Amino acid sequence: MKFLYHPDRKDISLAGVLYALGDPVRLEVVRLLATQGEQCCAGFDFAIAKSTMSNHFKILRESGVVLTHKEGTQHINRLRYEDLEALFPGLLDAVLRSAKPLMVYQKTTVSSR
């Protein structure tokens, strides 16, 4: 099984968290995790390549923003809200208050007539 790196709380840096939150797709993932709770990677239906989504999750995980664990073949993600709040009080709440949904990135199905 492949090892999934997660930094210890003491190793999470503000620069790394801000970098992770600075991308619109990653910010939307964080917004959805905050509003809907933990989800598997496949639960995010963005119109981008699977490898690109994997890279976004890797950046979120390695920066300390999310925790990922495996259940069978699924990778389940959740926010490290408590860790981020302890290190940077109010940061995640402030960012999430200003984050708007990015529907442009989500796949849509078109019905043919």
Side-chain angles (χ1 to χ4, degrees):
M1 179 177 12
K2 184 178 175 186
F3 172 74
L4 297 174
Y5 171 76
H6 297 88
D8 289 331
R9 179 189 279 192
K10 65 179 177 39
D11 296 326
I12 297 173
S13 71
L14 180 59
V17 170
L18 292 175
Y19 173 76
L21 296 175
D23 180 88
V25 173
R26 292 192 295 267
L27 182 57
E28 179 66 1
V29 167
V30 169
R31 190 189 70 75
L32 290 170
L33 288 172
T35 58
Q36 299 174 4
E38 71 177 31
Q39 295 186 47
C40 67
C41 293
F44 296 92
D45 195 23
F46 295 119
I48 58 177
K50 185 177 177 181
S51 60
T52 302
M53 278 304 291
S54 293
N55 189 56
H56 283 308
F57 280 107
K58 178 182 177 189
I59 291 169
L60 287 168
R61 186 180 69 250
E62 292 184 352
S63 68
V65 176
V66 300
L67 279 173
T68 305
H69 69 275
K70 284 192 79 166
E71 288 183 11
T73 60
Q74 300 289 322
H75 286 88
I76 310 298
N77 301 281
R78 71 175 175 87
L79 283 180
R80 292 181 71 172
Y81 184 84
E82 296 81 16
D83 290 337
L84 294 172
E85 187 62 23
L87 292 166
F88 316 112
L91 174 69
L92 194 55
D93 288 335
V95 169
L96 291 172
R97 271 194 307 274
S98 67
K100 304 285 188 267
L102 282 179
M103 296 302 176
V104 80
Y105 283 102
Q106 295 183 343
K107 293 179 187 173
T108 57
T109 55
V110 179
S111 61
S112 57
R113 297 179 185 204

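Just so it is clear, the structure is predicted and the values come from calculations on it, not from any experiment.
For the atom pair Asn77 CG and Leu32 CG, the distance stands at 11.5 Å (nearest 0.5 Å). Rounding to the nearest 0.5 Å places CG of Leu33 at 8.0 Å from CG of Leu60. In this structure, CG in Leu27 is found 7.0 Å from CG in Leu96, a value given to the nearest 0.5 Å. Atom SG of Cys41 sits about 7.0 Å away from atom CE of Met53, to the nearest 0.5 Å. Within the model, atoms CZ of Arg31 and CG of Leu21 stand 13.5 Å from one another, a figure rounded to the nearest 0.5 Å. A distance of 10.5 Å separates SG of Cys40 from NE2 of His69, quoted to the nearest 0.5 Å.
Linking Ile, Leu, Val, Met, Phe, Trp and Tyr residues whenever their side-chain heavy atoms come within less than 4.5 Å places Leu91 and Val30 in a single cluster. Residues Val29 and Ile59 do not share a hydrophobic cluster, defined by chaining ILVMFWY side chains whose heavy atoms lie under 4.5 Å apart.
Side chain of Glu85 to backbone of Leu92: no donor-acceptor contact under 3.5 angstrom is found. Of the possible polar contacts, none joining the Thr52 side chain to the Ile48 backbone as a donor-acceptor pair under 3.5 Å is found. Of the possible polar contacts, none joining the Arg78 side chain to the Gly37 backbone as a donor-acceptor pair under 3.5 Å is found.
A 4.5 Å side-chain heavy-atom check between Leu4 and His75 finds at least one atom pair inside the cut-off. With a 4.5 Å cut-off on side-chain heavy atoms, His6 and Leu67 count as touching. Thr68 has its side chain out of reach of Phe57: every pair of non-hydrogen atoms, C-beta onward, lies at least 4.5 Å apart. Inter-residue side-chain proximity for Lys58 and Tyr5 is flagged as unmet; no heavy-atom pair is nearer than 4.5 Å. Within the 4.5 Å cutoff, no side-chain heavy atoms of Phe44 are placed close to those of Val25.
Here the closest non-hydrogen pair linking Ala42 and Gln74 is CB-OE1, 4.1 Å. For the pair Ile12 and Pro7, the tightest heavy-atom approach, listed with the atom from each and the gap, is CG1-CG, 4.0 Å. In terms of heavy-atom proximity, Leu14 sits nearest to Phe88 at N-CZ, 3.4 Å.
Legend: residues meeting side-chain contact (heavy atoms from CB on, under 4.5 Å) with Ser63, ordered by chain and number and at least two apart, are Ala20, Val65.
Pairs of residues two or more places apart, or lying in two chains, that qualify as side chain to side chain donor-acceptor pair (under 3.5 Å) and include a residue from residues 32-41 are Gln36-Gln39. Listed by first then second residue, pairs satisfying side chain to side chain donor-acceptor pair (under 3.5 Å) with a partner in residues 9-26 read Arg9-Asp83, Arg26-His56, not counting sequence neighbours.
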